[in-house]
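What's counted below: heavy atoms across the whole structure, side chains too, no hydrogens, waters or symmetry copies. By convention in this document, chain letters (A, B, ...) are assigned in the order of the sequence lines, proteins followed by strands, and residues within each chain are numbered from 1.
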Amino acid sequence: MQTETTIISRYKTYHYIENLSQYVGQEIVLRGWVYHKTGKGKLQFIQLRDGTGIVQCVVFRGNVSEEVFEKAKELTQESSVIIKGTVREEARAPSGYEVDVLDIQIIQLTKDYPITPKEHGDTFLLEHRHLWLRSSRQHAIMRVRAAVVKAIRDFFDGNGFKLMDSPILTPNACEGTTTLFETQYFDLGKAYLSQSGQLYAEASAMALGKVYTFGPVFRAELSKTRKHLTEFWMVEPEMAFFDLEDDMDLAEDLVEYIVHYVLKTCRRELETLERDITQLEKVKRPFYRMTYTEAVEWLNKHNVPLIRKLDGKEVEEPFPWGEDFGAVQEEALMEQFDKPCIIHHYPAKVKAFYMKRDPENPELVLAMDMLAPERGGEIIGGSQREDNYDLLLERIKEENLPLDAFQWYLDLRKFGSVPHSGFGLGIERTVKWITGAKHIREVIPFPRMIYRIFP
RNA sequence: UCCAGAGUAGCUCAGCUGGUCAGAGCACCUGACUGUUAAUCAGGGGGUCCUGGGUUCAAAUCCCAGCUCUGGAGCCA
């Protein structure tokens, strides 16, 4: 990723590894950490990282004082150093450049750095997440994550959307109460960590037209898979006067833009991650689309059954219309596709109370999910919202949701109600798909999972 | 929450039909080497075999309980 703006400090001039090509033949000063070191008699090779990249610094006994050479020999993994040297083009180096060292200043000599270049187990790495982030693979993932976030902001800001952040502490449950983190809010009773900014985004859209919220959301689900976090980041656009078709078009535009932006700005990171770039290059509009009913027909035509557990035994049956898809169905469906697919018009009973009924079939709602290829899973869930006061009230009562808490939400259907739509895109699911990371915990700096809140 | 599985050196693991079973590689320390990048070669130090009970002449090994963690399911982004 190239920096698009350069900040020149009034106080110091820093050289960064990602800009080395500008300094060939010049003497520069690099500040960073020893990523790795190998020695061979009169030669010491220091892999130096500074946050922007890694470069090999070569210390030759004949070029430096005895004191400097001894310092080079003494260096350990993750020692912090300031290195003065000359930049040289070097065909043998992965980055194309090397630094011939003239002087070394050791800031701190690190002892017993826990993460070695050898293999480690998941548990050990997670215990050391604060250090694991320094490893090249994690470093690359975090840079892609930053690019994904920037792409999202650029996309919405550049298309007439206004950022309208939703509160994190809320008095009401958006989609049921069993999966909420609860806290005591002074004398006002229970407050909950928000599961979604959507309801507030709807209010915001009635004020500003096209809005998006972007922030962390919290789900106390007892999920223990490689696709779930209890704290994750979600971007949720909400648009007045958009119907489901508009919503799906926008979702496609957004995802295409994100993937294109990452391909454009994160080539080196994707190489580090050994990601198959040709797969990402296929992500161009239009994506695939099918209705829920078509998807069920496809599943039955291809003998993908529903697996139920009865008395501890697994029983297979043809996939019945009305059942929600599980991991097996999702993966089977997506294996035929090389770019994302939107499934829309779901049965009302498997979807949330705020989704609008299909005027042509009251058993359906105007909902859509986007599934990513290459086992990326569900990255987007969205819908056109119910804008009829009476129908929404009915649904709230059916779900036994506390009416008091939703009075303000019902107000939106009382004062100038209009058709409107929106969706939520999970940042981590998206980054996981784009980077090809094996587990979602790798794509957020400090993952929060059902059995882990450290570090 | 449910179903599986795992805890032995700093790390990754072998040993697990009970009896030379306290082991290997890496990391670390010492030395050799002008092209290494998971360097190589020689030498060295390093252990509550997760915890607590039980069976036995004898337990890292078998049994029970607990703790911690991992994978998967459902739910979802």
Side-chain angles (χ1 to χ4, degrees), chain A residues 34-48 54-63 69 73-74 76-77 90-95 98 100 110-128 136 174-176 178-179 195-198 216-236 251 306-309 312-314 323-330 350-352 369-372 376-382 423-433 438-441 443-444 449-452 454:
Chain A
V34 176
Y35 190 65
H36 186 64
K37 196 195 76 169
T38 55
K40 194 158 174 31
K42 293 176 182 170
L43 272 173
Q44 295 290 317
F45 301 99
I46 301 163
Q47 307 292 330
L48 186 76
I54 294 181
V55 70
Q56 175 157 277
C57 301
V58 184
V59 192
F60 176 49
R61 195 170 213 155
N63 289 354
F69 192 78
K73 277 178 75 174
E74 193 183 19
T76 53
Q77 194 189 357
E90 171 58 67
R92 284 173 289 187
S95 69
E98 260 184 15
D100 285 322
T110 290
K111 291 283 179 207
D112 301 324
Y113 185 70
I115 300 177
T116 65
K118 292 281 178 176
E119 59 187 326
H120 293 287
D122 297 333
T123 309
F124 179 80
L125 289 171
L126 280 171
E127 285 293 319
H128 296 83
S136 60
C174 180
E175 301 180 27
T178 53
T179 60
Q195 296 181 295
S196 160
Q198 184 204 312
V217 291
F218 307 87
R219 303 213 177 152
E221 291 162 359
L222 302 174
S223 308
K224 194 169 151 23
T225 80
R226 61 185 70 190
K227 319 193 308 198
H228 286 85
L229 293 165
T230 58
E231 176 183 308
F232 65 96
W233 285 68
M234 187 154 70
V235 61
E236 293 174 278
L306 179 74
I307 299 165
R308 274 216 175 91
K309 274 200 175 165
K313 283 183 184 172
E314 290 192 346
E323 196 74 24
D324 208 356
F325 302 134
V328 177
Q329 289 77 32
E330 251 180 39
V350 301
K351 288 292 182 180
D369 287 347
M370 187 190 289
L371 306 178
E378 185 180 338
I379 57 172
I380 281 179
F423 62 83
L425 174 135
I427 303 304
E428 288 75 17
R429 292 248 177 113
T430 305
V431 177
K432 177 177 179 287
W433 164 49
K438 286 195 179 59
H439 199 297
I440 199 165
R441 65 190 165 210
V443 306
I444 186 167
M449 295 174 295
I450 173 167
Y451 291 126
R452 174 166 299 279
F454 176 88

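Across all strands shown, A:Lys227 has heavy atoms under 4.0 Å from base atoms, whether or not it also approaches the sugar-phosphate. Counting non-hydrogen atoms under 4.0 angstrom, A:Asp369 reaches nothing in the nucleic acid. A:Ile427 comes within contact range of no nucleotide atom at all, as no heavy-atom separation falls under 4.0 Å. Among the atoms of the strands shown, base atoms are found under 4.0 Å from some heavy atom of A:Leu229. At the heavy-atom level, A:Gly326 lies under 4.0 Å from the strands shown only through sugar-phosphate atoms.
Each of A:Lys40 and A:Gln77 lies near RNA chain B, and the nucleotide nearest A:Gln77 is the one positioned closer to the 5' end. Where A:Gln47 and A:Met234 meet RNA chain B, the nucleotide closest to each residue was compared, and A:Gln47 sits on the side nearer the 5' end.
If you check distances only, the side chain of A:Arg61 never reaches the base of B:rC33 with a donor-acceptor pair under 3.5 Å. A donor N or O paired with an acceptor N or O is found under 3.5 Å between the base of B:rU36 and the side-chain atoms of A:Thr38. Side-chain atoms of A:Glu98 come within donor-acceptor range of the base of B:rG35, with a qualifying N/O pair under 3.5 Å. With hydrogens and angles left out, the side chain of A:Gln56 and the base of B:rU36 share a donor-acceptor pair within 3.5 Å.
B:rA22 and B:rU48 are spaced 13 Å apart, taking the C1' atom of each and rounding to whole Å. As rounded to the nearest Å, B:rG5 and B:rC16 have C1' atoms that lie 16 Å from one another. Straight-line distance between the P atoms of B:rA60 and B:rG54: roughly 15 Å, to the nearest whole Å. Between the C1' atoms of B:rA4 and B:rU8, the separation comes to 23 Å (whole Å). B:rC76 and B:rU1 have their C1' atoms separated by 15 Å, given to the nearest Å. For B:rG47 and B:rG23, the C1' atoms lie 11 Å apart once the distance is rounded to whole Å. Distance check on atom P: B:rU40 versus B:rC21 gives 29 Å, rounded to whole Å. Straight-line distance between the P atoms of B:rA42 and B:rC57: roughly 47 Å, to the nearest whole Å.
Taking the side chain of A:His228 as heavy atoms from C-beta on, and the options B:rC69, B:rC76, B:rG71, the nearest nucleotide is B:rC76.
For A:Leu126, the side-chain contact (heavy atoms from CB on, under 4.5 Å) test picks out A:Trp132, A:Arg441, A:Pro447, A:Met449, A:Arg452, with sequence neighbours left out. By the ring-ring contact (aromatic ring centres under 6.0 Å, His included) test, A:Phe423 pairs with no residue at all, sequence neighbours left out. The ring-ring contact (aromatic ring centres under 6.0 Å, His included) search around A:His128 returns A:Phe124, not counting sequence neighbours. Residues satisfying the side-chain contact (heavy atoms from CB on, under 4.5 Å) criterion with A:Lys37, sequence neighbours excluded, are A:Val34, A:Gln44, A:Ile46, A:Leu75.
For the residue pair A:Thr116 / A:Gln77, no side-chain donor-acceptor distance below 3.5 Å is found, with atom types taken as modelled.
Between the CZ atom of A:Arg219 and the P atom of B:rG74 there is a distance of 17 Å, rounded to whole Å. Distance A:Leu43 CG to B:rA32 P: 15 Å, rounded to the nearest Å.
Between B:rG71 and A:Arg441, a contact under 4.0 Å exists linking OP1 or OP2 to a side-chain N or O.
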Between the protein and nucleotides 7-9 of chain B, which nitrogen or oxygen pairs are less than 3.5 angstrom apart?
none

Could you go through nucleotides 10-15 of chain B and list every protein N or O atom that sits under 3.5 Å from one of its N or O atoms, giving the distance for each pair?
unit_1 : atom_1 : unit_2   : atom_2 : d
B:rC11 : O2'    : A:Glu119 : O      : 3.2
B:rC11 : O2'    : A:His120 : ND1    : 2.6
B:rU12 : OP1    : A:Gly121 : N      : 2.9

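The aromatic ring of A:Phe45 does not stack onto the base of B:rG35, failing the criterion of a centre distance under 5.5 Å from the six-membered base ring together with planes under 30° apart.
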